[in-house]
Amino acid sequence: MTTSTNGDNGGIDQSVQAELDRLRGSIDNIDAAVVHMLAERFKCTQQVGVLKAAHHLPPADPARESRQITRLRQLAESARLDPAFAEKLLNFIIAEVIRHHETIADGTAAREDGP
């Protein structure tokens, strides 16, 4: 079978192209769902950051993070997803959450020290 590399799909069988389009449509929908779920997750973690800052709690919670990594690795295994990949993804998200919490805490401290 001949395939086109310039995006014109001229060499791809129509039935193959239709299946690619169907699968890619599903991927696009899943990507949209992932982005929306991450946005919801960050809305919740922002609220956690505000609560932590208000009560002078540290931005990071290593014990919670460890439990979450263990939990996510188990979920990944049961979903037949590479647990190492799932852990890398969660570590990336956790790092971003901690950065947000530090920013919130810095803003809270600045307001408390205010004029």
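FYI, side chains are in, hydrogens and waters are out, and symmetry mates aren't considered; it's all heavy atoms of this structure.
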For I104 and G49, the nearest pair of non-hydrogen atoms, with its separation, is CG2-O, 3.6 Å
d(D82 CG, E77 CD) to nearest 0.5 Å is 9.5 Å
The reported gap from CG in L51 to CG in L57 (rounded to nearest 0.5 angstrom) is 7.0 Å
Show me, pair by pair, the donor-acceptor contacts under 3.5 angstrom made by side chains of residues 84-95, not counting sequence neighbours?
residue	atom	partner	partner atom	Å
E87	OE1	R73	NH1	2.6
N91	ND2	E87	O	3.3

| query | Will you find, in the side chains of E96 and H100, an N or O donor that is under 3.5 Å from an N or O acceptor? | reply | yes
Distance col, row E65:CD vs T70:OG1, nearest 0.5 angstrom, shows 12.0 Å
Between the CD1 atom in I98 and the OG1 atom in T103, the distance rounded to the nearest 0.5 Å is 12.0 Å
Is the backbone of P59 close enough, under 3.5 Å, to the side chain of K52 for a donor and an acceptor to pair up by distance?
-> yes
Pair R22 + E19: basic N to acidic O under 4.0 Å:
yes
Exercise for review: Using modelled atom types only, decide if a donor and an acceptor are shared between the side chain of S66 and the backbone of A63 within a distance under 3.5 Å.
Suggested key: no
Is the shortest heavy-atom distance from the side chain of R41 to the side chain of V97 under 4.5 Å? yes
